[in-house]
Every structure is written in structure tokens, then in C-alpha cells.
Amino acid sequence: QQPHKKPSSIDNSKQRASHYVLLYSGCDIFEYYNPIIQLTNRTQLHNLTKSKHRNVLPYTSNTKQDVWDALISLDAGVNNASTSTSTSTVHLIYANTDIPAIPHGEPSNWNREHVWPKTRGVEYKGPDFTDVHALRPADWSVNSARGNKYFGECGLLHSVAECVTPAHPEAASDTAADPSIWMPPGNVRGDLARSLMYMTLRYDGEMSDGNEELDLELSDCPTADSASPGWDSKQLMGYLSILVKWHEEDPVDLAEQERNDQVCQKWQGNRNPFVDYPDLVQTYFGPDSGYSGYDCAPTPVVGVGNSCQDLKPGDVMFTGFRSDNPDVVTMVALVDLAPSTVLYMTDNAYTGTFLRSNEGTVKFQVPRPGIKAGTTIAYGSDINLPFANLWGGSGVALSVSGDNIFLYCKNSEQDEPSFLSGLTFTAGGWIAPNVDEQVFGTSKSALPKALEESNAHIELTTHLDNYIYTSSKIGSETELLEFISDPSSWSGSNAADFNMSKALSDFAVTKRSPCERLKPGDIMFTGFRSDNPDVISMVVLENIPPSLNFYMTDNAYTGSFLRSNEGTVKFQTPSTGIEAGTTIAYGSDASNLPFANLWDGSSVALSVSGDNIFLYCEVDDGTQRFFLSGLTYTTGGWIDSNSDEKVFGTTKSALPNELKDASTHIEFKSHVDNSIFADERSGSKDELLVLISDSTNWSGSNSPDFDMAGALSDFTLIPDRSFTSEESDVDSSPYPLPVDDSAASIKEVQTMQFLVMEITLGIAMLL
């Protein structure tokens with residue numbers, strides 16, 4: 001192998017200024033690789049790359065040069081003419097632009113992008129965490145949008161219709177992204193591919209300086225269910241074949257060589273051999289190399305597979321059946337189904353406590369790359385039925401005299417079923433639970449409570465041998481669930497040649513506003529100050545998804561609508577989402593109030609003579625409002641609804657029924673200018689709701705210098721104490737938050753803000 005020769009034509013846009021002192025010797029290419037007998041010997045090259053890694057940088061340090069310093073030097077902006085850090089710039093890898101190097105680490109500037117995401121194996125300690133061969137400066141918000149997505153091109157795991165170009169409003173114009181894939185700018189795709197290949201060579205699961213490194217590998221099938229045989233324990237990054245293609249399309253240039261030189265000579269003491277010897281990429285990772293990353297496992301046989309994946313009743317609904325031979329059962333996914341999720345279907349009766357076992361049960365495993373919302377799935381002997389070949393088990397044989405069928409999932413083979421849908425076509429419908437299971441025979445069943453409460457079942461009380469759903473196939477998940485569960489939306493017949501074709505077409509599930517999943521009490525007020533400057537605090541009691549708008553107003557509610565004579569402000573959740581337990585504040589002091597800079601609108605000005613405030617969200621078109629929390633501190637509290645809106649003035653309001661029914665409001669019947677929740681800040685959601693909604697747990701004053709500091713700390717959410725130990729490990733939030741490299745940093749920034757504020761307040765009190 002010969003070292004890479006500089007091309008005659010070099011992309012000057014990628015050249016960077018370099019000012020550094022040589023600290024590590026032996027970095028000349030020929031001298032560096034001299035101990036290697038054969039560059040194509042992976043063991044030898046790995047051992048060299050690891051042994052030459054002579055300096056493990058601290059991630060952040062006040063006393064030593066750290067990763068910040070390294071990136072400011074390695075990825076200096078194009079026009080840097082000074083060695084002064086205060087005037088230097090850095091080049092942002094995904095935005096493809098330069099910004100000042102200082103300040104950094106804040107949402108308004110840049111942070112450190114782990115090209116191989118921490119959550120995919122690098123984690124938070126050890127040399128891989130601070131290896132600058134795979135760290136780059138990135139715009140904070142763009143880095144957050146990338147998260148831990150695989151590198152690749154749209155269409156691999158999702159429909160091309162879900163592809164967004166550019167990947168983020170602040171990303172370069174030739175970037176793209178979908179829910180799982182991230183495509184960086186064209187002029188750095190090869191650079192990033194070679195960085196990932198270096199990580200695969202360097203980190204193979206050995207112990208290093210007391211830190212256990214995970215085995216990092218590249219794959220064309222990086223999801224655990226599709227990984228190469230024996231690779232399910234490895235930390236996989238994708239997509240291998242696309243990274244190899246990017247390596248060929250964006251070859252090594254002078255800027256990348258200079259960066260490799262600097263990493264070795266000044267920062268770490270080791271080199272990336274795929275920059276020095278580009279031909280090694282095909283040797284180690286090419287399709288003819290024998291590398292196992294191309295060997296995707298076949299679609300797994302039906303088994304336990306993944307857990308319920310947060311599926312809930314109604315996420316998959318029955319849409320038709322034929323009990324006249326040959327049996328056919330159809331169903332529709334109203335949400336996206338993750339690969340390897342296993343669904344079970346049975347015609348066993350439910351007694352009220354368990355499923356009987358005298359009839360049949362079959363299993364269905366969702367194939368790669370998953371099943372999109374709106375897709376119809378069918379069970380039957382005809383292989384032309386959609387997905388019919390993916391069922392396995394003892395078989396389900398529907399009785400022409402009436403029967404029931406259930407669809408469910410399980411988190412493990414031993415778990416009780418989590419019911420998703422149910423259907424009965426026995427005359428009379430569902431029957432009452434009974435401890436005597438013989439009561440149910442082969443055609444009757446009780447209805448599981450979960451399906452009853454969510455209305456995720458179909459009760460066809462007039463018996464016919466065959467039925468199909470015949471109403472609208474277009475709507476939101478909520479709308480379609482309502483349509484499908486209505487027996488009047490079904491038509492049937494006893495004809496032996498009943499035509500099932502209309503049940504086999506797909507549905508069109510329109511995008512559901514995230515607001516529809518929020519419910520009263522998911523965000524609760526925890527404090528207010530009406531003495532200037534106004535401050536309002538609230539706590540998030542469920543994970544809030546990214547980019548969700550919710551609103552706060554001091555307009556009165558009349559019983560049928562919100563008035564419009566006062567102020568309303570809008571809050572947009574950042575791209576990382578907001579974790580349950582986090583405090584949000586509204587006020588003019590954006591530097592000390594958490595998330596105060598994310599509010600926008602006409603402002604809310606609380607009256608010192610009393611007022612009310614509401615939190616709510618709306619579906620995208622504004623046609624439906626969902627109240628989340630309410631608070632009044634007007635003498636007498638809430639008043640009755642009234643069609644004459646002038647009754648409410650600027651200080652009084654009626655209470656929305658949903659907040660009243662859920663007890664997710666705070667009512668101060670004795671006026672006070674300022675008050676904060678002053679009780680326990682740790683507990684389950686239900687426990688905290690009870691405490692927060694009780695005004696006796698609040699402490700207030702009419703003092704104009706009322707201290708709001710006690711309302712600004714976060715809460716600690718503890719799983720419901722009635723859960724089993726296994727259940728307590730499950731994230732029951734409707735919105736598991738996206739994992740990315742900046743979420744922890746946001747939390748660190750917020751924590752530092754609180755600490756600074758508390759220290760400042762403490763000093764002020766002492767003075």
C-alpha cells in the first residue's frame with residue numbers, strides 16, 4: 001500500500017488555517033506505519049492505532065487542553081488569520097458554514113457532535129468518548145436534529161415522502177433527513193465515512209485504561225433484529241454500503257490530510273489509516289472484503305420479538321372477517337408498527353381475568369422495515385392476502401355460529417396480554433365476566449376492561465357469518481378508531497362466497513396533532529407572581545414531544561369559549577423534547593428563568609387584584625382545544641359559566657369541565673398576589689397532581705419582592721408505586737423522548753443556570 005497522494009485538483013473550500021506546536025513524534029506517515037508488516041492485517045493495524053493513541057483528551061477541563069480546544073484548532077474556519085481564540089471561528093460540519101469559536105456550548109451557538117453517537121456505543125467515558133477523529137463542531141440545533149440517526153440516504157427505512165431537504169432549516173442545502181436517516185453535506189460525506197471506519201478499527205470491545213470499550217461495527221442492517229448473525233451484542237452504525245459509496249464519491253483532500261496530521265502531532269498521537277491509505281477502505285469494508293456488516297439476518301421466525309413497543313388499545317383494529325371457509329380476518333394498523341413487534345390473534349374467550357386455551361392462537365411478526373400506519377394486514381390461507389405468509393401458530397378457526405377474536409401483544413412470553421382490539425359476532429355480544437370458564441364455551445367472551453375503556457372493540461350483536469367495515473378509510477387515528485368501533489359502520493352476510501376484497505385495501509391515516517395525546521394534568525402550574533415583573537412557572541408531568549406548541553392565556557373561559565380581551569403566549573417545545581419533571585417558566589428574565597426564551601406572543605400580564613391563567617394546546621388547524629391546567633387567584637375562585645362574557649371582566653373565569661373532572665386546576669378562593677407550590681417535588685404523576693392541585697400546599701404573599709426561586713427547581717417523577725418492578729422500568733409516557741447528543745447538554749445548561757441563580761440569591765440574602 002502507498003500513502004494517499006494529494007490530488008492535482010483540491011477542494012479549497014475545505015482548507016483550514018493551522019497553527020499548532022508538534023507534541024507527538026513519529027507522526028510522519030512512513031515512520032508511523034513502519035512497525036506494520038502488513039497494512040491489510042486488521043489485528044496489526046488495530047494494535048498500532050490503539051497503541052499510538054497516546055493522549056486521551058478530557059471532554060471539558062479548566063486546567064488542561066480539552067476537546068473544545070482541539071476542535072477550535074482542528075476545524076478552524078476558512079478565513080482564520082489569527083491564533084487568538086477570541087477572534088477565531090470554527091467550521092460547522094452540517095451547516096457548512098463558519099461561526100465564532102467563542103462562545104460555545106449554548107443553544108445559540110455550537111457544540112460537539114459525536115459522529116458516532118454516544119447512544120450507539122460511544123457512551124460517556126473512555127477514549128472513544130473524546131476521540132477527536134470522530135468529533136466535529138456542529139450548530140446546536142442542527143446537532144440536536146441529527147440526534148442518533150444513522151448516516152445514509154432517504155428511502156432506506158421510511159417512505160421517501162418523509163424525507164426533508166435540507167435536513168434542518170440551518171443545515172446545508174444538500175443535506176436530507178427522515179425519521180431514522182441523516183445525510184450530511186456532500187463535501188464532507190467521505191470525511192465522515194472515514195471517521196466511522198476509523199472508529200470501527202480502533203474500538204473493538206477491549207479494556208482500555210480501565211474503561212471497557214464497546215465493539216463498534218458498521219452495518220447495512222444496524223437494527224438489532226436485522227443484524228448479522230452473532231452481531232446482536234455489537235454497537236452498530238449504518239449504513240455501510242452508503243458510507244463506502246460516499247468514500248468513493250468524496251475522496252480524501254488536503255484539508256482532511258492536514259486534520260489527520262494535526263490530530264496525530266498535537267492532540268492524540270495516532271492517525272486515521274483510511275485517510276492515509278484510502279484503498280484500505282475497499283480492503284476492510286468493501287462488498288468483496290468478507291466484512292460481516294453486509295450479512296443481514298433473514299427476517300426472524302415468528303417468536304417473542306420486540307415488546308409491545310408502546311402500543312395501546314386501538315393502535316391495530318379489526319376491519320373484517322369471514323367465518324365461512326376459507327376463514328379470513330383483516331385488520332389495519334392505525335400507527336406505525338416497529339420491525340419485529342409481535343402481535344397475537346386468538347379466538348379464545350376472555351373470562352374477565354385470563355384468556356382460555358381451548359381454541360387457537362397465531363402470531364404475527366412485523367417485518368423490516370416496519371409497517372406504516374394505514375396498512376391492512378390479513379390472516380388466511382390464501383398467500384395473496386397482504387402479509388398472510390407472516391402468521392404462524394396453531395391456527396384460528398372461526399365458528400359460523402358466532403365467535404370472538406382478540407388482538408394483543410406481550411412484553412415477554414410470560415406476561416399477561418396487552419389487548420389491542422377485540423371483536424364479537426355472537427348474538428347478544430359480549431357477556432359478563434365469570435369465574436366458571438365453561439360458561440363461555442367456544443363462541444362467547446367477556447370484554448377486557450382496557451378495550452372497553454378505550455372503545456377499541458367491535459360488538460356485532462346481530463349474528464352474521466361474515467362482516468367487513470364499510471365506512472370511511474380516511475381520517476386521523478382517533479377518527480378512524482371511532483368509525484371502526486361503531487357497529488353501524490359494518491355490513492355482513494351469511495353468503496358462503498362473501499367477498500372480502502373491500503376489506504383488503506389500505507387506509508389513509510392523516511397526521512395526528514401531538515396535542516391530541518396530551519391530557520389534563522400533563523403540565524401543571526406551580527407558581528405565579530403578579531407583582532411586576534410577572535413570572536409564571538409550571539412543571540411537565542409527561543414527556544413532551546419536540547416542536548409541540550402549547551399556549552398560556554389569562555383570558556377568561558365563559559363555559560363555551562375563551563375570551564380574547566387579554567393576553568395569550570405560545571411555547572414551542574425544543575427539538576429535544578422536554579423530559580417529565582422539568583420546570584418551565586414564563587417571564588422577562590430569560591437568562592435565569594428556564595426556557596423563558598421559548599415563549600412568543602402578545603404577553604400575559606397578571607392583575608394584582610386577581611386573575612386566572614390557563615394552559616392549553618390546539619390541533620394544527622385550531623378547530624379543537626385541549627385544556628391542560630388552570631389556576632385562579634381571584635377572591636371567590638371560579639365562577640359559573642355565563643353566556644354574557646362581560647360578566648367575567650378581566651379577573652374572573654369559569655372552569656373548563658375537563659379540568660374540573662380531572663382535578664387538574666388550582667383554586668385560591670382568598671386572593672394573594674403571588675404564590676408557589678411549596679410541598680413535595682418527588683412522587684408519581686398521580687401523587688404530584690393531588691399535591692399541586694391542593695391550594696393548601698402553596699405558599700404566597702402580597703410582597704412585591706416575592707421570591708420565586710423555590711418554584712424554579714425541577715421535580716422527580718417516580719413510577720406509580722402500584723407497578724411491579726418490571727413495569728417500573730417501562731417508559732409509560734406517550735412520548736419517549738428522542739435521544740441525541742445535545743439533550744444532556746441542554747439539561748446541563750439549565751442546571752448551571754439554576755445553580756448560578758440560587759448562589760446569587762443566597763449571596764443577596766446574606767448581604
Side-chain angles (χ1 to χ4, degrees), residues 10-23 57-62 64-115 130-146 166-175 182 184-192 194-195 250 252-268 272 275 575 597 740-742 745-746 748-749:
I10 293 174
D11 178 5
N12 289 320
S13 69
K14 294 170 69 174
Q15 295 187 39
R16 306 280 178 264
S18 58
H19 306 277
Y20 59 93
V21 177
L22 305 184
L23 298 179
L57 287 164
Y59 197 55
T60 303
S61 175
N62 293 324
K64 301 177 181 178
Q65 287 195 312
D66 58 17
V67 169
W68 291 116
D69 299 309
L71 295 185
I72 290 171
S73 171
L74 292 168
D75 299 292
V78 174
N79 297 318
N80 276 13
S82 170
T83 58
S84 170
T85 302
S86 62
T87 60
S88 65
T89 62
V90 292
H91 191 76
L92 304 180
I93 191 71
Y94 301 137
N96 211 8
T97 189
D98 297 347
I99 67 168
I102 302 295
H104 52 62
E106 299 171 349
S108 60
N109 42 68
W110 66 280
N111 61 6
R112 299 163 289 189
E113 158 71 336
H114 284 81
V115 176
T130 64
D131 194 321
V132 291
H133 278 297
L135 280 160
R136 296 296 181 103
D139 177 280
W140 182 291
S141 59
V142 181
N143 185 9
S144 175
R146 189 262 163 142
H168 183 276
E170 296 175 32
S173 60
D174 59 344
T175 59
W182 186 265
N187 68 327
V188 294
R189 288 173 196 161
D191 305 50
L192 296 176
R194 288 179 285 273
S195 291
D250 177 35
V252 176
D253 62 11
L254 180 58
E256 190 177 1
Q257 287 180 319
E258 290 178 346
R259 190 183 198 277
N260 197 26
D261 289 340
Q262 281 198 52
V263 172
C264 186
Q265 294 169 346
K266 179 178 180 180
W267 299 103
Q268 288 186 181
N272 181 346
V275 175
S575 59
N597 63 315
D740 61 54
D741 277 0
S742 63
S745 299
I746 289 178
E748 291 169 4
V749 170

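The backbone N or O of Asp66 lies less than 3.5 Å from a partner atom in the side chain of Asp69, making a donor-acceptor pair. Panel note: side chain Asn109, backbone Gly105; a donor-acceptor pair is recorded below 3.5 Å. Under a 3.5 Å cut-off, the side chain of Glu256 and the backbone N or O of Val275 do not form any donor-acceptor pair. For Thr175 (side chain) and Pro185 (main-chain N/O), no donor-acceptor pair under 3.5 Å exists by modelled atom type.
In terms of heavy atoms, Asp98 sits closest to Gly77 at OD2-CA, 3.3 Å. Closest heavy-atom contact between Val115 and Leu192: CG2-CD2, 3.8 Å. When every heavy atom of Leu135 is checked against every heavy atom of Leu71, the shortest pair comes out as O-CD2, 3.3 Å. Here the closest non-hydrogen pair linking Asp75 and Pro137 is OD2-CD, 3.3 Å. The two residues Thr130 and Pro58 have their closest heavy-atom pair at CG2-C, 4.2 Å. The shortest heavy-atom contact between Asp250 and Gly190 is OD2-N, 2.9 Å.
Residues Ser195 and His133 are not in side-chain contact: their nearest non-hydrogen atoms beyond the backbone lie 4.5 Å or more apart. Contact annotation: the side chain of His91 approaches that of Asn96 to within less than 4.5 Å [non-hydrogen atoms, C-beta and beyond]. Inter-residue side-chain proximity for Leu92 and Val142 is flagged as unmet; no heavy-atom pair is nearer than 4.5 Å.
The line from CH2 of Trp267 to CD of Gln262 is 8.5 Å long, rounded to the nearest 0.5 Å. Of the inter-residue distances, the one linking Asn111 atom CG with Glu106 atom CD reads 11.0 Å to the nearest 0.5 angstrom. Atom CG in Asn272 sits 11.0 Å away from atom SG in Cys264 (nearest 0.5 Å). Rounded to the nearest 0.5 angstrom, Ile93 CD1 and Asp139 CG are separated by 12.5 Å. Rounding to the nearest 0.5 Å gives a distance of 10.0 Å between CD of Gln65 and CD1 of Ile72.
Ring pair Trp110/Trp68 is perpendicular by interplanar angle, where above 60° counts as perpendicular and below 30° as parallel.
In this view, His168 satisfies the ring-ring contact (aromatic ring centres under 6.0 Å, His included) rule with no residue, not counting sequence neighbours.
Donor-acceptor pairing under 3.5 Å is recorded for the side chains of Thr60 and Arg112.
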task = Kindly indicate, with the supporting measurements, whether the criterion side chain to side chain contact (heavy atoms under 4.5 Å, CB included) is fulfilled by Arg189 and Asp174.
result = CA-CA 11 Å; Arg189 288 173 196 161; Asp174 59 344; 4.3 Å; yes
key: Stepwise side chain to side chain contact (heavy atoms under 4.5 Å, CB included) test for Arg259 and Asp191   = CA-CA 11 Å; Arg259 190 183 198 277; Asp191 305 50; over 6 Å; no
